[in-house]
Every structure is written in structure tokens, then in C-alpha cells.
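To start, the structure under review is shown below, and the notes come after it.
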Amino acid sequence: MRTIGIDEINDIALGASLLGAGGGGDPYIGRLLAIQAVKECGPVTLIEPEEIPDDAFVAPCAMVGAPTVMTEKGGGKDDFNRLFDRMERETGKKIYATMPIEAGGVNSMLPIVAGARRGLPVVDADGMGRAFPELQMVTFTIGGVSSSPLAYSDEKGNVGVMHNISNKWTEDIVRSITNTVGGQVMTCQYTMSAKKCRDWCVPNIVTMSQELGRSIRSIKEGEDSKGIEQRFLDLTHGVRLFSGKVTDVLRETRGAFNYGKVVLAGIGSDKGHEASVTYQNENLKCEVDGDIVATAPDLICLVDHDTYTPVPNEAVKYGKRVLVAGLPCAPQWRTEEGLKLVGPRYFGLDTDYIPVEERSQRKGK
Amino acid sequence: MHYKLGIDVGGTNTDAVVIDENMKVLAAVKRHTSEDVYEGILNSVDAVLDESKVDAGLIDQAMLGTTQCTNAIVQRKGLSPVAILRIGAPATEGIPPMVDWDDSIRAVCVDWTIIGGGFEFNGKRLAQFDEDACRAFLNKIKGKVDALAISCVFSTMRNDDEVRAAAIAHEILGEDFPISLSSEIGSMGLVERENATILNAALNQVAQRFTEGFAHSLKQKGIVNADVYLSQNDGTLMTIENARRYPILTIACGPTNSIRGASYLTRRDDAIVIDVGGTTTDFGVLSHGFPRESGVAVDIGGVRTNFRMPDVISIGLGGGSIVTEHEDGSVTVGPQSVGYQITEKALCFGGDVMTATDIADRLGMAEIGDPKLTESISKETADKALAAMREMVEDSIDAMKISSDPIDVILVGGGSVIFPQDLAGTKSVTCPEFAGCANAIGSAISKVSGTFEKLVDYEKTGRDQALENARKEAIALAVAAGADESTVEIIDSEDVPLAYYPGKTSRVRIKAAGDLRTGSAR
């Protein structure tokens, strides 16, 4: 158990932008919501999954919708109180703690906002270990946890609860609600027992975000100028995939998702080689000279070549110099059930999943 | 023949140039920036008129680039007390204004409120505009503040509520009361746009002073027939009237002007521009005739805004940098500098401090002051100092490059003589005539622009048609700002789909710029 104040929030937000793997939305606006909530209501308690009492009820929360809309509307003061009131009324259970279902991007911050404003501890865990585009893509789905009942609340005060036949249906129905209420909605879903949470969560992810953020910040402050790239990879447990300059960005929207491809020309030791990163909101696949070097669910992250600041897909521009790193995903995703939910074939890629660290070894041979 | 006058007020020097109708530079001068700024401007105008022998009455355009707004914010000096009216409750209440501002700058705000109102991204109403709350707040702050900042959720889509609030504010606070509207200042992102709007309101007094001072200085020197313009941070101009209303847009125009001036002097569109000052050297990238923009959000005096700034790195090395010999025989240059006192303190001017300029003098790279005075520097020390300087500049060139291919380099600025011209990683190194006043030249040749930014639903209007409409709107905005229509071009075009949202809505941002139309400010 420890507390999260403003300094911790800043580091977690920076780490979360890396775990966004190109998507997830800029945590900036969530960071401001969290800072304000902590200023008004005091620091938030972060607990390990093991610290949740056995009979306790855990209620994760997340925003569903367009992060760009959130940069205008932010959030209200009472969104999460309305949400948790509704969920407690629906289930007849007292909520003991909240937690993120998604550690990457803007959703890393909202449980901290909710925790501060509701006076609840936040569990140091999530259901993705990164960001994913759809709500059913959580480790809890593998564990048989239902996203229903799902409570939602918009900033105007509209509140509702839904019960759906599958987690994928929840995704589709909530997405259409965001369309009606103006692009974003706060949700409480995947409510579960302490045991389910402990068995299926991705533990320690808030702390990991914070450490990633602190590392990136220390690199930026120039505390360590030798072997920065290696240090970055050590800290993220990442595999170096490519260093390059962006030569083209292709973008397309289908349904609720942005598809695109970033084309890179090698620089430094990769000079003369070419790479591409394909994304559906988050990065899905990285190819070097036509060979796949990483796929989802492993994290494919673009960072600024000099500052190691994460570069989200919305900010990728011609001429930008980046390092592409592959970070191993949470072990739950490397199972058969996990790969059914978020493996390369789910995203329409015609390839089997091979862990990024194995792909890089093959390439080395 | 008609003429343009360009002036750039920097921290150390005030530069002035006169350019003729055919864009030929007739004269360029450099004078020290004075404490009150205007003496420096008057001196440089005197000198440039004298040198160019141009009749002051024939100058029909005068452009000023100034760091005064940046300095006022960074030093928290001369800022007006402001009030902030945000329209957006019940949304946005989770983030009050200035959440992450430092206390020292937050002090500019006397009072703020968030009232009901605002819009959704598609223009639908989010909440009813709360006129009673608006009036109550304005009556409460009446007499307590010098300026008002108004922001509203999605005012970039619809500014109705901001305009309505401004009308009520004029009714309560007075017809001439300075009001800054976020929809006229920033782009998407309420917090950053509001931040820029608050700073803009706080700069009100500073802006009145420098615009009046500039206009007055010109009149005093007989420049009575000129349209007067101020440089903006994107390398384009605005009228003095707009500069009074939107002073925040003049922030950090210096590096942009240098890069644009370098482009003009060398007729190049792609290069690395190195602007060597007295204390620091800035490295920027000229790409398609305009500065490469930085991808990161810009902090001004610790406040995050959503302006796009040129991508510039600065190192602590300039003409006045102090050369230090260490006990182990090594030699370092900078970051300490004698700055503007170089003409008193440097060896070549009879002083007793060894500077980077003295090294250039000793090695015969330049003749400044009295070369005899630098003979006391040993050849070995001078070589070591030059090697140190070379390493610093070559490292920075490499950092700004986008590939390892050799690149053209343009050296500008008053201290440009201190660098050798055979630099590693370069295809060519050019130090053009008038390089010392590239920033004032950049100011004088600036274009005027218009920017269109909105969320557009491609299901309502097809993408091609929507982009075509947006281009037309951007061009119309540039013409309205004073551009000659026949010269207007699209200089930047962005089209980013709204992520995690069903439908085909995209954020479209298009910028057009053209040459200044003569007489457009009259």
C-alpha cells in the first residue's frame, strides 16, 4: 500500500503514453483531472491485488469514446460518483476499490480521479497491461468475468445500466451510446470479486507505468548520456526493432477505428533498411525489409529518437526520427484464449503469433 | 520606388533593414537593445535610413518582430490582472482553469468561474448558456480587472456562446474593455486554448505599450506613410490592430524570422539554419521555405499552449562566449558570455576577457576590432578553442538532421564569423551578405496567412469536397488578413481522423499564406 500524489501522477501519465503503444489517447487531459481531484480530495491509496479483502467488490472504470473530444469536454466533478452510486444500487454491493481496465493512454488516469473523488483505493493492476481498441479485449474476458452490468454516465448527468449477452456486445452498444451523447462516456464495468481480480488481472502495472515515466523523464533530463538506448530497452524489457525517419504516413477510418501505416527509412545502424508499422488505433505489426518483427498483442512503441518521449500515431509526421521498440505483452495474452481475443489473426493479420523476443532472435540467426 | 522597413528587437541587439520593391536589401544595421526598447529602435531606424539614403516618406510597409511578450510572461513583468469566464459546465468542471500553472504566473488571475453552456463536437448544444451566471460574474469582477479571457467548450466548432458572453461583457464592463476570445486565439484542446487566451488577456497592457511605442517611434522618424505590421510565431504578419488584440501570437517570432530571412538571403528552401548570437546559438531547420515545426506542445513561461513553434535547439555558444583554459591544458568555450558588453570586454576591442570572437580574430577567420590585440593568445590555445567550438556545432547539426546525408547549412546572426565554414556532415556552408540581420529581413519579407481548423464529418460532406471547402476557407482567411490573393498558397494541410469514434469525423487543419497586399492595413 502506498499513496499517489501529484508527482506520481505525472510519472504514471508519461509511462501510460508509452503503454498506449501508439493509441490510447494523450493522457494529458486525464492527468489534469487527476491532479485537480488529488488537490481537492487528497492523495489516493494504491493497493496490491493481494491487499483486497476476500469479500470485497472491485469496480474498474474507464472512458469510452474519442480522446480528442475529451481534450475539449474534460470531465465533470461528479461523473464517477454518479457512476458508482448507480453501480452500487444495481448490484446491492458496496464498492471497495476501483482500478483501470486499461493501463495505456488516458484511461490510466481516470481510476485515480475516481479514487480521489470517491475516497476509494486504486488496485495496482489492469486488464490489458497496455491499451487495446475494444472493451472485450481484457484478461478478465478470458477469466469469464462479464462486463455486465455496465454503468455509464456522461458529463451532462445522463446515467444508465446495461446487461448484455457478451462482452463484445457491450463494446458495440456502448460505442453507439458515445455517438449519441457527444463522443465520450464514463463507464464502470467488469465488476468482480477480489479472487477474480487477483486471478486474472495484470498486476503491478500502475507501478510499472510510474517507473517507465520516471525513466523517460530521467533520460530527458540527461542524467545518463551513455548507452541511453540500451538503458531504455533494459527498463522497458523491450527489444530494439528499428531506428528510422518517418517517410510516409497513410491514414484511413473504418467504423470506430483508425487504420494506418507509418513508413520508415533507416537511420544510424539501420541505414539502407526500410520498416513499416501498421496500426488499428494501436500499433499491430512492425515489418523490417518485408519481414514481420513484431505483432500484437506485444506492444510496438514509437519513441522520439533523442528524448525517448512516446510518439502516438496521431502525432506521427513526416521527417520525425523515432526508435521502434517491441515490449513483451502480459503473459495472459500469450495463451490460446488470449490470442483468440487479441492475437494477430483477430486484427486481420495473416500470421501466427510469435513472441517479439523470439522473432528478434530468429532474425539475429 | 517604395520600400519596406524590417526591425527585430532581440535581447541584445535591435536590427533594422531596408528592402526595396524588388526585395533587394539596401542596408542592414545592428544597434544595442535599450532598456526601454524604443531608444534602440530609434537608433537603428536612424542608422538604416542614413545608410540606405531612403526617404522616410517612401517607406510604405514597416514590420516589427519583438520578444517583449515572451519576456513579459517569462519574467512575470507588466502583466494585467485578468478574470476568466469559462463556458462549459457541467462538463469541464473537473479541470478548473490554470490547474497546472506555477503560482507565480497564476497570480495574474483575480477571479474565475465556469458557467453553463457550450457545444458538442458536432455543433449540438451541450448545455444552455447560463446568462444569469454570466452577468453575476461580470458584475462581481467589474473594476477589479483590466482584461477578460473567455473560453468555451468546442468554441472552435461554434463560437456563439463566446460571442454572446463578449457582448454582455462589453455591456457591463464597457465598450472598450479588452476581451480575449479563445476561438480567435487557439486550436482544438480547451485547456491549452484557454491557457493561451489567459496569457493573451494578461498581455493587454504590454501590447498597448509596444504597439503605441512602435507606431510613435516610426512617426518620430518621418515614416508616416507606412502600414505597420507585427511578426507572428509562424513566420507570418498581422496588423498592428490585431497585434493589440492578439499579442500572444507574437510570442517567439525571433527564431522563425531568422530562418525565413536565411531562406530569403540564400534563395534556398531546404537547409539547416544556424543563428549565432552573442550568448547562444540556435539551430533550426528550413523545410520547403518555412521553419520545421516542433511536434511537442509548447510551454511559454511554464504554461502549456497549443501553438506550433519552430523546432529549434539552442546551445550556450556565441560570439561573446568566454574561452577558459583549464589546468589540465584543455580549453572550453561558453556557456558564460560577456553578451552585449563584447565591445568593451573582448580582447580585440581592448578588453581583458578572451571570447570566441577573439579566437576567430587570432586565427585570421575574421577581422574584428584590432587584430594586434589578440596576438597574445597562443596558437595552441586558439586551435584548441576552435576544436571545442567545432565539436559543439557539428554535434548540433547532426542532431537536427533527418538523415545522415550531407546537408546545406546557412550561417546567420551577429556572431556567425566565429564558426569555421568546413563543417562535418555538411554539403555546403553559406554565410550570406547581410547575414547579421537575417531576423530583421525575415520580418520584412514575411507573408500573411489564414488557418482553417474544424472537425468535419465526411459522411455529410465527402472528403475531397470537404478538403476543397477547407482550402477555400483558409485562402479566404489569408486574404482577409491582408494577403494578395494571386500569391496565396496552401502551406500546411492536416487531416486526422477522430480515434475511437464510430463515423467518419476528421480534424481538418489547413493553412494558407501569401504575400502582403500593399495598402491592406489602411
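Residue numbers start from 1 in every chain, and the chains themselves are labelled A, B, ... in the order their sequence lines are given, proteins ahead of strands.
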- Which portion of B:Phe121 sits near chain A, non-hydrogen atoms under 4.5 angstrom: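 B:Phe121 touches chain A through side-chain heavy atoms alone.
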- Item | B:Arg193 versus chain A, the contacting section by heavy-atom distance below 4.5 Å |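 Looking at B:Arg193, just its side chain touches chain A.
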Polar contact flag, side-chain donor to acceptor under 3.5 angstrom, [X]-[Y]:
| X | Y | result |
| --- | --- | --- |
| B:Thr305 | B:Glu192 | no |
| B:Asn122 | B:Asp457 | no |
| A:Arg117 | A:Asn81 | no |
| B:Glu194 | B:Ser182 | no |
| B:Arg304 | B:Asn195 | no |
| A:Ser153 | A:Arg82 | yes |

- Message: Between A:Gly76, A:Gly157, A:Gly74, who has the most heavy-atom pairs with chain B when the cutoff is under 4.5 Å?
- Response: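 Looking at each of A:Gly76, A:Gly157, A:Gly74 in turn, A:Gly76 comes out on top.
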- Between B:Leu126, B:Val285, B:Leu190, the one whose heavy-atom pairs under 4.5 Å with chain A are most numerous: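 Winner by heavy-atom pair count: B:Leu190.
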- What residues of residues 86-94 of chain B sit under 4.5 Å from chain A when you count only heavy atoms?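 When heavy atoms of chain A are the reference, residues 86-94 of chain B contributes B:Pro90, B:Ala91, B:Thr92, B:Glu93, B:Gly94 within the under-4.5 Å range.
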- Flag if over 12 foreign heavy atoms under 6.0 Å of CD, B:Glu391: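 No, the 6.0 Å shell around CD holds no more than 12 heavy atoms from other groups.
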- Item | Enclosure of A:Lys156 NZ (heavy-atom neighbours >12, cutoff 6.0 Å) |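 Yes - once you tally the heavy atoms of other residues, nucleotides and ligands closer than 6.0 Å, there are more than 12.
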- side chain to side chain contact (heavy atoms under 4.5 Å, CB included) evaluation trace for A:Ile29 with A:Val106: CA-CA 7 Å; A:Ile29 206 79; A:Val106 69; 4.1 Å; yes
- Query: With only heavy atoms counted, which part of A:Val181 is less than 4.5 Å from chain B, the side chain, the backbone, both or neither?
  - Reply: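 Just the backbone, heavy atoms under 4.5 Å.
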- Answer with side chain, backbone, both or neither: which region of A:Asp26 has an atom nearer than 4.5 Å to a non-hydrogen atom of chain B?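 Side chain only.
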